[in-house]
There are 2 protein chains.
Amino acid sequence: MVETTRRREIEDAASSLFHERGYSATSVRDIARAVDIQGASLYAHVASKQDVLWSIVEGTAARFEVAADAVEAADPGAIVFGPGVHLISLVRAHVGVVTDDIERASVFVHEWRALDPERRDDIARRRDAYEDRFRAAIVDGIEAGAFEPVDPALTAAYLLTALNGLVAWYRPDGRLSARTIADAFADLSLRAVRAPAGPG
Amino acid sequence: MVETTRRREIEDAASSLFHERGYSATSVRDIARAVDIQGASLYAHVASKQDVLWSIVEGTAARFEVAADAVEAADPGAIVFGPGVHLISLVRAHVGVVTDDIERASVFVHEWRALDPERRDDIARRRDAYEDRFRAAIVDGIEAGAFEPVDPALTAAYLLTALNGLVAWYRPDGRLSARTIADAFADLSLRAVRAPAGPG
DNA sequence: CCTACCGATCGGTAGG
DNA sequence: CCTACCGATCGGTAGG
């Protein structure tokens with residue numbers, strides 16, 4: 001299906017432009033130019049500029065959810081190795097989704113506010129549900145005595161924005177590999193909440 | 001000077017709108033409407049829309065710098081109480097500037113990319129110099145054996161974006177006071193880098 | 001601070 | 001996927 005390829009190209013170009021200048025500052029003609037067609041011709045492939053943004057944001061939201069689902073499916077780890085492992089797995093999964101496609105991740109993080117009200121609400125709810133997985137991991141850790149008695153909501157927000165900050169500086173060909181960053185972010189995040197080892 | 005008051009009103013209104021919808025999605029007419037004048041009348045007070053953005057971003061950059069300067073002026077603390085105290089002071093100063101005026105802080109964090117090239121470069125340099133204070137505090141801590149041997153650049157980026165994430169959810173009348181948040185962020189940030197206490 | 005107005009550009013449609 | 005075109009809105013200026 002040729003349509004699918006073209007559509008993909010358009011979303012790639014749009015992701016790149018939205019990442020660089022933002023949704024509002026990117027015109028339909030800018031996107032068209034990037035895929036070498038006339039501005040009006042874009043509408044043979046997409047319903048609207050909003051439609052393109054939605055595809056990018058929704059697809060990325062789904063990727064975050066799938067990655068976190070996979071962590072939860074490997075849940076036994078949390079029981080055998082403790083809540084710290086669960087939080088670390090969530091952190092690694094999140095970093096993986098971001099480094100896997102920073103442009104789309106960046107658009108997801110920064111441009112979801114440009115969505116029209118209903119879609120925006122949909123994403124807001126899903127972000128909250130996603131953040132809730134982090135809150136739950138933190139609560140589990142506290143109850144197990146493995147974590148400091150931090151405020152779960154504040155701490156989840158702190159950690160998630162630290163992870164999301166990656167979209168501002170990660171480059172696939174940069175000094176630090178995705179793996180190195182995932183390791184470092186996991187260490188920083190776990191230490192931020194972990195209680196000192198008790199006696200014995 | 002009446003001009004100064006009106007100018008202030010315009011910048012307040014613009015900060016609020018840029019914070020909510022972003023610079024590109026805010027029109028000159030939107031700003032004018034918020035201060036109850038005609039769109040074109042705005043130009044009796046400001047040179048351009050860019051000019052308003054620049055005032056907000058530059059003023060906020062200066063507030064961050066002044067706050068960090070004050071921390072450095074109280075430098076003896078770092079010598080007497082150790083590098084951990086210095087990092088904590090930087091974190092507290094940063095959180096203070098953000099909570100003091102989230103709208104402007106939010107515009108600083110998110111909209112500096114909308115600046116024209118020269119001004120954008122100016123802010124990029126100043127952000128880097130500011131981040132360098134965090135990197136230096138981390139390096140000092142590592143050298144003193146008080147911190148884990150983390151990557152200073154990656155860690156400074158991690159911590160600063162965690163702090164900046166505050167602009168997305170802080171509300172002056174919210175559940176958590178600025179003081180509570182500063183305490184919690186200082187604890188999380190210090191634990192993220194601190195080495196476990198050695199024997200003795 | 002207003003009215004009147006400018007050229008440029010916006011997202012999108014019609015009709016092929 | 002193109003040409004031709006739409007009404008709306010953009011940032012900004014002129015002249016008072």
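We name chains A, B, ... by the order of the sequence lines, and we start the count at 1 in each one.
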- Query: Taking the side chain of B/S27 as its heavy atoms from C-beta onward, which of D/dC10, C/dT3, C/dG12 lies nearest to it?
  - Reply: D/dC10
- Distance in angstrom units between B/D30 CG and D/dG12 P, rounded: 14 Å
- Nucleotide nearest A/I37 when distance is taken to its side chain, options C/dC1, D/dC1, C/dG12: D/dC1
- Item | Complement of C/dT13, any strand, by Watson-Crick or G-U distances under 3.5 angstrom | D/dA4
- Message: Check for me, please, whether A/V139 and A/Y130 land in the same ILVMFWY cluster - side-chain distances under 4.5 Å, paths through other members count.
- Response: no
- Task: When you get a sec, tell me which of D/dA4, C/dC2, C/dC1 is the closest nucleotide to the side chain of B/H45?
- Result: C/dC1
- When you measure from the side chain of B/R29, which nucleotide among C/dC1, D/dG12, C/dG12 comes out closest? D/dG12
- Query: Nearest of C/dC1, D/dC2, C/dC2 to any side-chain atom of A/Q38?
  - Reply: D/dC2
- Of the candidate nucleotides D/dG12, C/dG11, D/dC1, which contains the atom at the shortest distance from the side chain of B/V28? D/dG12
- Query: Of all the nucleotides listed (D/dC2, C/dC2, D/dG12), which has the minimum atom distance to the side chain of A/S41?
  - Reply: D/dC2
- Message: Tell me if a side-chain donor or acceptor on B/D51 pairs with a main-chain N or O of B/A47 at a distance below 3.5 Å.
- Response: yes
- Within this structure, what is the CD1-to-C1' distance between B/I31 and D/dG12, rounded to whole angstrom? 13 Å
- Message: Within the 4.0 Å heavy-atom criterion, would you say B/S24 contacts the bases, only the backbone, or no part of the nucleic acid?
- Response: nothing
- d(CH2, B/W54; C1', D/dG11) in whole Å: 21 Å
- Atom-pair distance (NZ on A/K49; C1' on D/dT9), nearest Å: 13 Å
- Output for pair (A/I31 CD1, A/D12 CG), nearest 0.5 Å, gives 12.0 Å
- Could you state the interatomic distance from CZ (A/F134) to CG (A/L163), rounded to the nearest 0.5 Å? 6.0 Å
- To the side chain of A/R6, which of C/dG12, C/dC2, D/dC1 is closest? D/dC1
- Spell out, as yes or no, whether a donor-acceptor pair under 3.5 Å connects the side chain of A/E148 to the backbone of A/A195. no
- Please report, rounded to the nearest Å, how far the P atom of D/dG11 is from the OH atom of B/Y43. 6 Å
